[in-house]
Protein chains: 2
Amino acid sequence: MAGVHPSTVSRVLRGKENIPIPEVTRQRIKKAAKDLKYLPDERARALRLGKSHTIGLVVPDISNVFFAEIAKSIEIESYKAGYTLVVCDTNEEQEKEVHFVNNLISRGVDGLIIAPVQDSDGHILDLKEKNYPFVLIDRCFEDMEANAIISDNEDAAFKAVAHLAGLGHKRVGFLSGRQNIYTIKKRLAGYRKAVKEYNLERNEALICGNGFTFESGYEATLEILLLPNPSTALLISGNIITLGAIKAILEKGLNIPDDISMIGFTDNIVSPYLVCPLTTISHPLREMGKKAFDLLIKHVESKDNLPFTEEIIKTQFHVRRSTDRVLSQVEAAW
Amino acid sequence: MAGVHPSTVSRVLRGKENIPIPEVTRQRIKKAAKDLKYLPDERARALRLGKSHTIGLVVPDISNVFFAEIAKSIEIESYKAGYTLVVCDTNEEQEKEVHFVNNLISRGVDGLIIAPVQDSDGHILDLKEKNYPFVLIDRCFEDMEANAIISDNEDAAFKAVAHLAGLGHKRVGFLSGRQNIYTIKKRLAGYRKAVKEYNLERNEALICGNGFTFESGYEATLEILLLPNPSTALLISGNIITLGAIKAILEKGLNIPDDISMIGFTDNIVSPYLVCPLTTISHPLREMGKKAFDLLIKHVESKDNLPFTEEIIKTQFHVRRSTDRVLSQVEAAW
DNA sequence: CCGTTTGAGGCAAACGATTGTAACAAGAGT
DNA sequence: ACTCTTGTTACAATCGTTTGCCTCAAACGG
């Protein structure tokens, strides 16, 4: 429409000022582009340039606020940095994760941020082998060196149990998420360490559950409540699980915190407004997202091979009403 | 590596059985592909084929469960149908929405699902003009014909207010989200209709708020509570706003539902477990997502221009404890 | 008046995959 | 012995951009 060669259009629209093209032609091209509502084909550009200015984010459940918050902050950072973010939800299914990672690479994303399902790690090792830039977030692999932004799960769990011990609890239950996941392993380690240190009841039956769903939280809680000696407190590894636990507790006619204390692993905007305002461990999710993005971009935009960085982010502990002194049967009788 | 021409590789890997290629060669190529961990370049394929098997989803806030649920169901449907979903979060900013829509088109997505910010509609009209397949979800434009999957906001709001009227409430507040949005306009219309029909107090001061944030919910609620005659019930247009409202109510030392009833517009998994189990209007979000996806794919895969479809989905009403009979001052004195 | 610089912008190759057509060889048919 | 299949695989063009290089004309210097 402007009567010039595509290459000239490209030079004008990409703003190559050093190539001499008279202002009249520039204007003619720009006007034509506007009139035609011309949008460059990013596929073709990416193909030619070998760079897509796109990054991929792979999370296990986008409908969980935990990952939604992370996604949101990475999205905001990407936008600011001129990158487009592609979000994929694996639904905690390994097969989908492999599919998405390959798919994203096929579409030429410049890098990946992954919160892995962790049923296997072959595809992650492939990434390392290909020297593909990626950052693990929230979950990493113990025996693998990689970029990772994680939180201090072990320490947080330890402190949470310590808090309960300080309130006189002797039997603390641990509602687990999927047990083969890094975060859960670490939290469990912290739990065990505190149980030992504060001399609480050691009983494998108090460690219950294997999943991040409402139902798995509900059922695991029932199992613990139906023990001959149910726990007087619960440490709960996930915010959807927490709701299942509340359901079970209410159904049994129990009161929080009088009959049972609870601590939620993962604070969110509703924690203070639940049936009983929930004591939680809170993760600075926005900060984690930003750090993961910055780290990824550093690797993407660097020519040489940077060494891997693993950063552990401190969590915070919010005491609300769901944790209180244990009422022993004797005290209760009073 | 297999010593053959790329075209032969393509034919083998795409499984063109009608082109005669001897089994030995096929195996040689497949083995090489596996050994090299070959992944086809989807950009190049999309460029050549004019089809990317990708669709774009543009939502105003992915960290809001409402849209996260929609995103999740669309993601699941896309995966099943062999499409990749690209999710973009506009943060309720018009400028970002325009950017994302253009960006997605540039990358050659086959179609778009949009929950628009609705500060303007020029970019949507462009889509129509270009005959680009798209489906609006949750929010549509009153004066524009387009594919849309929406819910019966007006009716739902009407019924909610009717429910409150039935409980004896005469002054019902309406906590609004961003007021220029289709859904809010409709809800407000339903509210006004019920106010008229049940002869409730008509007072513009009872319509309050303009945003979907926690803070805007908090402040709008305070405004209503500080009126000389505060409302005895609230209809609340959004789940984050609801939390802000609860904060304001608790801060004022009021009790739900004794001092004030509330109905939340948008049920979610926590609604039953809030300080006071919340009476809500629930949207079948997964179903809406699936319908939007199916509709989009129908348009994407059809050669001819299908007529636009607008489907209105029925909401459900969940009565929980947050709505109760109004306690008049006289009754309360008893 | 001729050679050289400079301005303006076209040409062509490349990115990687796809596909209609062509090419070449071996074998079949006459 | 020659043509005609048929089987096997290569060639070339294409998708839309980008970029190094080249061309052509006008202007300039001597």
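Convention: sequence-line order gives letters A, B, ...; per-chain numbering from 1.
- For S7(A), no side-chain nitrogen or oxygen approaches OP1 or OP2 of dT17(D) to under 4.0 Å.
- Using modelled atom types and a 3.5 Å distance limit, the side chains of D110(B) and H53(B) yield no donor-acceptor pair.
- Residue contacts for G3(B): at a heavy-atom cut-off of 4.0 Å it reaches the sugar-phosphate backbone alone, with no base atom in range.
- Separating the CZ atom of R14(B) from the C1' atom of dA17(C) is a distance of 8 Å, rounded to the nearest angstrom.
- Interface remark: the R107(B) side chain does not form any donor-acceptor pair with the dG16(D) base, using a distance-only criterion of under 3.5 Å.
- Here L39(A) lies in heavy-atom contact (under 4.0 Å) with sugar-phosphate atoms only.
- Following rounding to the nearest Å, R45(B) (CZ) and dT18(C) (C1') show an atom-to-atom distance of 9 Å.
- By the 4.0 Å N-to-carboxylate-O rule, R178(B) lies close enough to D119(B) to be salt-bridged with it.
- Here S10(B) reaches the OP1 or OP2 of dT18(C): one of its side-chain N or O atoms lies under 4.0 Å away.
- Going from atom CG of L47(B) over to atom P of dA13(D) covers 17 Å, rounded to whole Å.
- Between D35(B) and K31(B), at least one side-chain nitrogen of the basic residue sits less than 4.0 Å from a carboxylate oxygen of the acidic one, meeting the salt-bridge criterion.
- Residue-to-nucleotide proximity on DNA chain D shows that, of L49(B) and T25(B), the 5′-proximal contact is made by T25(B).
- Residues I113(B) and V58(B) have side chains not in contact (no heavy-atom distance under 4.5 Å, counting atoms from C-beta outward).
- In this entry the distance linking CZ of R11(B) with P of dG7(D) reads 16 Å, nearest Å.
- Using the six-membered ring where Trp is involved, F100(A) and Y79(B) have ring planes that are tilted, between 30° and 60° apart.
- Taking atom NE2 of residue H5(B) and atom C1' of nucleotide dA13(D), one finds them 12 Å apart after rounding to whole Å.
- Distance E42(A) CD to dC15(D) C1': 15 Å, rounded to the nearest Å.
- Rounded to whole angstrom, the span from the CD1 atom of I21(B) across to the P atom of dT6(D) amounts to 18 Å.
- At whole-Å resolution of the value, CG in D41(B) and C1' in dT18(C) are 13 Å apart.
- Put simply, the side chain of R48(B) and the base of dG16(D) share no donor and acceptor less than 3.5 Å apart.
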